[in-house]
Student: 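Here it is, the structure, as structure tokens.
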Amino acid sequence: MTDYKPKEIEYKWQEEWEKTSLHKAIDFDKKSKYYSLVMFPYPSGDLHMGHMRVYTISDVISRHKRMLGFNVLNPMGFDAFGLPAENAAIERKVPPYEWTKKNIDHMKNKQLKRMGTSYDWDREVVSCSPDYYKWTQWLFLQFYKHELAYQKDAPVNWCPKCQTVLANEQVEDGKCWRHDDTLVERKMMCQWFLKITQYAEELLNDLQKLEGWPERVKRMQKNWIGKSEGAEINFSVFEKSNIKIPVYTTRPDTIYGVTFLVLAPEHPFVSELTTSENKEKVQAYIKQAGLLSEIERLSENKEKTGVLLGSYAVNPFNNQKIPIWISDYTLLEYGTGAVMGVPAHDSRDFEFAKKVNLEIKQVISPDGLARELSNAYIEPGLIINSDIFNGLQSDDGKKKIIEYGNKKGFCRTKTTYRLRDWLISRQRYWGCPIPIVYCDKCGVIPVDEKNLPVMLPEAGIEFTGSGGSPLLRAKEWLSVKCPKCSGEARRETDTMDTFICSSYYYLRYADAGNDKAAFDKEKVNYWLPVDQYVGGVEHAILHLLYSRFFTKAFRDFGLLNFDEPFTNLLSQGMVTMFSPKEKKITKMSKSKGNVVGTTDFFDEYGADAARLFILFAAPPEQEIEWSTQGAIGQYRFIERIWRLFFNLKENAGLKIYEEFVNVEALRAMPLHEIYRIANYTIKSVSEDISSEKYIFNTAIARMTELVNAMYKFILDKKSYSDLESTILSFSFTNLLKLLAPLAPHITEELWGKLGGPYSIHQQKWPEYDKQALVTDEIELVIQMGGKKIDVLTTKKGQSQKELEKIALSLEKVKARIDGKELVKVVVVPDKIVNIVVK
RNA sequence: GCCCUUGUGGCGGAAUGGUAGACGCAACGGACUUAAAAUCCGUUGGUUUGAAAAAAGCCGUGCCAGUUCGAGUCUGGCCAAGGGCACCA
């Protein structure tokens, strides 16, 4: 027997797999395709055990599907644009390109391959490489052509640490998603947007099609899109018949309770509606509101403030004259930027009315009676004080009121979404340049497709960390000929949000080398949609919503033929560990000082052991806590298999053997139990590892049981009969195959040592012998009143009467029935007998 | 505030409404060894009776009810932790 040296074995097979192109995906192959995808990483430099989880899960799925006979596409690449590279350039004067390249090289060759992953590296994509970002730019131009990319002045979120603006989705709790200690500021800027809102309804509706997605993720997307149905009502302005103020409401049933209007401070009508005596106050308020940070504005404790404009609006339903206010609790970007104030039935309006002393008029009541309100009554109810609509229920009232207003021409139903258009401009260097040119004569002009890519300049770029994007100072690069008039023009200096790059990479994998197009339509239609996507739940909204949007837009551009990119989604839980900094168990990350590197563990115990522990600790969706001790437990499991192999090889003539045996020949022998467990293991592992379940922890437990049973069987055994060596060979051969997707190196090694043909990963997934699982004895549980009294082994298939008789004849049972009335006996054949007494 | 998820031994976790705690970690005992490590074999939810062993009993899946012959599992309410949304009209 030789020692188990994981490092040697693992390196050997990793090289062999690469040399023999074992994991190559073949376009348009005869076998059914299976696209297995893992979210591609940002090349931050050093992967730790926390990162390993997602790659392990996805790799097990890919390897298993190959053994099931699928043509598997399992690609990998790098989301390589982004801030850390640029920050490294500022701090250490290394060009972002070099820093990124070095990290990719390390992650790819020293870490991802070292884990034993089975990627088809021929399809690698690197989003910062010009042959990739050329197509990012080309796709931007398609959006532009279809009027889905546009520029506008808007209040935007600015992260002072990133020195750039952020999309709505990238602001969490008023803070930057990358810097949870940094409040986002509000600024007015002219920026590029993608019109994701045009797809809001489809993005919402098609969530129903995504049966293979976790409910949680779908709910989060649904919340984010935030559809609401209501009405848009036009208020006219007293003595200013040229202006109509549209407001959006979901409660048209409260229209008679309107006692004021509130516009957003940035609302375009504000100056026109401000009377001269209020001008000063209004301007001061607008200025002050603009200065507030996001978090201050959102703060719940913040008291409502606002100022009167001086003009009056007229409620078209009852011609009542009501004052117009501005307040920062009204948002310009949502609805129409103006709300009707119904203090009696909206808590924000109530608060505001109390604060500035406005009339509160009740128009909804639970019982039809009006009373003094100490809070807004926001439930639906009976309509009162509302002229011809009195006595209706809210629901019915809504419809009738909209109908009435519609007839009169000042009201219509309207659907509003919380989702905003996607702000994609970034004031940073290390991103994909937006292919746009500004010409004094011609205006905003897109770069010709044939002149793509607009390369990021490298020479003469200085990273100072201040004074805006380095591109602003790249004089030579900045000046360009206008594509239209050939006159002097200037390049766009903003780059794209890196989420653009990651919104289509999974399409590029289908045709990674193409230099004529972003991807070939036929290839994309062959490979896509992705059959199984694995990634972190932190992208539940961001990346997954953007990618769905891209897919739908590309379908409409005629680039592909499907509606949704990812059929099944698995959101793996975090890997946590105790953080000495935060004094609690929390997500493994460098900044929290609780990382365990991969290299040392792999060298000592092997990637196989790390993979097994990660899979064994909990089901994939759940959080797991890294435990080196626990991982060593899996190392011991592997070593047990290793020793078992040599023991059986020397003593029992172990060989590859996969045929079923005649179960009758085994009856009443201890061997029968081994054969049964082996087949039960095949059955359970096949089920647990399948896409319906993905519970790898129990799969590993079943295999451990088989190994334990085999150990027990061979204990003190000196010689083996032919039948015994056959059954043990059968068990061991199948064990290796079942374990192969999870621990690919050790299984390949032992498979080879057993004389199996290269490679175990190209073998057929085993099937189990149904005969082996048929038993003639069962364990019968005896209960009294639902409590277990006894368990006895008895013949299978006895009638209910027989079982009842067996139970009632037990001494224990008799003693307990004694003196009581037998109410009934419940018999579940081959399972339990439950005796109920009174 | 609204929506959702999760509460099981010292720990991670298993259990189609039918033997709660599979499997692993940790701990303890035994074998092997001059010794230790490793390995192999065991024990390990709590508790009561018992000198001990054997054995037997009772309690036990966050709490309180309910449905059921039978509930970790289903229903309702509560408590706790975690997550999402949050001045979205």
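In what follows, chains are A, B, ... by sequence order, proteins preceding strands, each numbered from 1.
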Student: Measure from the side chain of A/Trp224, starting at C-beta and using heavy atoms only, and say which of B/rC85, B/rC41, B/rC69 lies closest.
Tutor: B/rC85
Student: Checking all strands, does A/Ser627 fall into the base, sugar-phosphate, or nothing category for heavy-atom contacts under 4.0 angstrom?
Tutor: nothing
Student: If I take atom CD in residue A/Glu623 and atom P in nucleotide B/rC11, what distance separates them, rounded to the nearest angstrom?
Tutor: 17 Å
Student: Between A/Asp421 and A/Ile196 (side chain of the first, backbone of the second, donor and acceptor by atom type, cut-off under 3.5 Å), is there such a pair?
Tutor: yes
Student: Rounded off to whole Å, could you give me the CG-to-C1' distance for the A/Leu331 and B/rA86 pair?
Tutor: 11 Å
Student: Between B/rG46 and B/rA22, how far is it from one P atom to the other, in whole Å?
Tutor: 13 Å
Student: Tabulated below should be each protein N or O lying under 3.5 Å from an N or O of nucleotides 2-9 of chain B; please produce it.
Tutor:
unit_1	atom_1	unit_2	atom_2	d
B/rC4	O2'	A/Arg219	NH1	2.8

Student: I'd like the P distance from B/rU67 over to B/rA54, given in whole Å.
Tutor: 42 Å
Student: With A/Arg640 as the cation and A/Tyr711 as the aromatic partner, state whether NZ or CZ is under 6.0 Å from the six-membered ring centre and within 45° of the axis.
Tutor: yes
Student: To the nearest 0.5 Å, how far apart are NE2 in A/His543 and CD in A/Glu538?
Tutor: 10.5 Å
Student: With a 4.0 Å cut-off, would you call A/Lys355 and A/Glu351 a salt bridge?
Tutor: no
Student: Salt bridge between A/Lys795 and A/Glu777, side-chain N to carboxylate O under 4.0 Å?
Tutor: no
Student: Judged by modelled atom types alone, do A/Gln634 and A/Tyr605 share a side-chain donor-acceptor pair under 3.5 Å?
Tutor: no
Student: Look at all strands and tell whether A/Ser228 reaches a base, only sugar-phosphate, or nothing, counting heavy atoms closer than 4.0 Å.
Tutor: sugar-phosphate
Student: Pick one: which of A/Val836, A/Val833, A/Asp790, A/Ile835 meets side chain to side chain contact (heavy atoms under 4.5 Å, CB included) with A/Met784?
Tutor: A/Ile835
Student: Toward the 5' end of RNA chain B, which comes first, A/Thr336 or A/Met220, by nearest nucleotide?
Tutor: A/Met220
Student: Return the 5'-most residue of the pair A/Lys712, A/Ile835 with respect to RNA chain B, ranking by each residue's nearest nucleotide.
Tutor: A/Lys712
Student: Is there a side-chain polar atom (N or O) of A/Lys831 under 4.0 Å from OP1 or OP2 of B/rG18?
Tutor: no
Student: Please give, in whole Å, the distance from B/rA38 P to A/Ile632 CD1?
Tutor: 10 Å
Student: Any idea if B/rG9 is syn or anti, going by the 90°-from-0 cut?
Tutor: syn
Student: Specify the separation, in whole Å, of atom CZ of A/Phe637 and atom P of B/rC25.
Tutor: 11 Å
Student: List the residues meeting ring-ring contact (aromatic ring centres under 6.0 Å, His included) with A/Phe352, not counting sequence neighbours, and say none if there are none.
Tutor: A/Phe260, A/Trp325, A/Tyr329
Student: Starting at CG of A/Asp830 and ending at C1' of B/rG18, how long is that distance when rounded to a whole Å?
Tutor: 13 Å
Student: Please state whether the phosphate of B/rA26, meaning OP1 or OP2, lies under 4.0 angstrom from any side-chain nitrogen or oxygen of A/Gln629.
Tutor: yes
Student: Grab the NZ-P distance between A/Lys787 and B/rG18 for me, whole Å please.
Tutor: 19 Å
Student: Hey, what's the ring geometry for A/Trp642 with A/Tyr4, parallel, tilted or perpendicular (30° and 60° as the breaks)?
Tutor: tilted
Student: For B/rG76 and B/rC28, measure between their P atoms and round to the nearest Å.
Tutor: 47 Å
Student: A/Glu351 has an atom CD; how far is it from atom C1' of B/rA89, in whole Å?
Tutor: 14 Å
Student: Name the nucleic acid region contacted by A/Phe613, choosing base, sugar-phosphate or nothing; use a 4.0 angstrom heavy-atom cut-off, strictly under.
Tutor: nothing
Student: Considering residues at least two apart in sequence or located in another chain, which fulfil the ring-ring contact (aromatic ring centres under 6.0 Å, His included) criterion with A/Tyr417?
Tutor: none
Student: Determine the sole option in A/Lys788, A/Gln783, A/Lys824 for which the side chain to side chain contact (heavy atoms under 4.5 Å, CB included) test with A/Asn834 is passed.
Tutor: A/Gln783
Student: On a whole-Å scale, what distance lies between the C1' atoms belonging to B/rG24 and B/rG18?
Tutor: 27 Å
Student: Of the candidate nucleotides B/rC69, B/rA15, B/rA89, which contains the atom at the shortest distance from the side chain of A/Ile695?
Tutor: B/rA15
Student: With respect to A/Leu612, which candidate in A/Thr704, A/Ile700, A/Thr56 satisfies the side chain to side chain contact (heavy atoms under 4.5 Å, CB included) definition?
Tutor: A/Ile700
Student: Give me the distances for all protein-to-nucleotides 19-24 of chain B N/O pairs that come in under 3.5 Å?
Tutor:
unit_1	atom_1	unit_2	atom_2	d
B/rU19	O4	A/Glu779	OE1	2.4
B/rA22	O2'	A/Glu705	OE2	2.4
B/rA22	N3	A/Arg702	NH2	3.2
B/rG24	OP1	A/Asn708	ND2	3.2

Student: At what distance, to the nearest 0.5 angstrom, does CG of A/Asn651 lie from NZ of A/Lys718?
Tutor: 10.0 Å
Student: In whole angstrom, give me the gap between the P atoms of B/rA31 and B/rA51.
Tutor: 29 Å
Student: Could you provide the dot-bracket string of RNA chain B, using ( ) for intrastrand pairs, [ ] for crossing pairs and | for bases paired to another strand, with Watson-Crick or G-U pairs below 3.5 Å?
Tutor: (((((((..(((.....[....))).(((((.......))))).(((((.....)))))..(((((..]....))))))))))))....
Student: With rounding to the closest Å, how many angstrom separate the C1' atoms on B/rU73 and B/rG21?
Tutor: 15 Å
Student: Provide, to the nearest angstrom, the distance between the CD1 atom belonging to A/Ile614 and the P atom belonging to B/rG12.
Tutor: 18 Å
Student: Consider the side chain of A/Tyr334, meaning its heavy atoms from C-beta on, and name the nucleotide among B/rG84, B/rC87, B/rA89 that approaches it most closely.
Tutor: B/rA89
Student: Below 3.5 Å between N/O atoms, which protein atoms pair up with nucleotides 71-77 of chain B? Just atom names and distances, please.
Tutor:
none

Student: Suppose you measure atom C1' in B/rG57 against the same atom in B/rU5; what distance do you get, rounded to whole Å?
Tutor: 39 Å
Student: Could you give the distance from CG (A/Leu728) to CD1 (A/Ile674), rounded to the nearest 0.5 Å?
Tutor: 6.5 Å
Student: Evaluate the criterion ring pair (Phe, Tyr, Trp, His ring centres under 6.0 Å) for residue pair A/Phe601 and A/Trp626; output intermediate values, then yes/no.
Tutor: CA-CA 12 Å; A/Phe601 189 91; A/Trp626 173 262; 5.6 Å; yes
Student: What interatomic distance, in whole Å, is found between P of B/rU49 and the corresponding atom of B/rU33?
Tutor: 43 Å
Student: Hey, mind stepping through A/Trp422 and A/Phe193 against ring pair (Phe, Tyr, Trp, His ring centres under 6.0 Å) and telling me if it holds?
Tutor: CA-CA 5 Å; A/Trp422 176 11; A/Phe193 290 82; over 10 Å; no
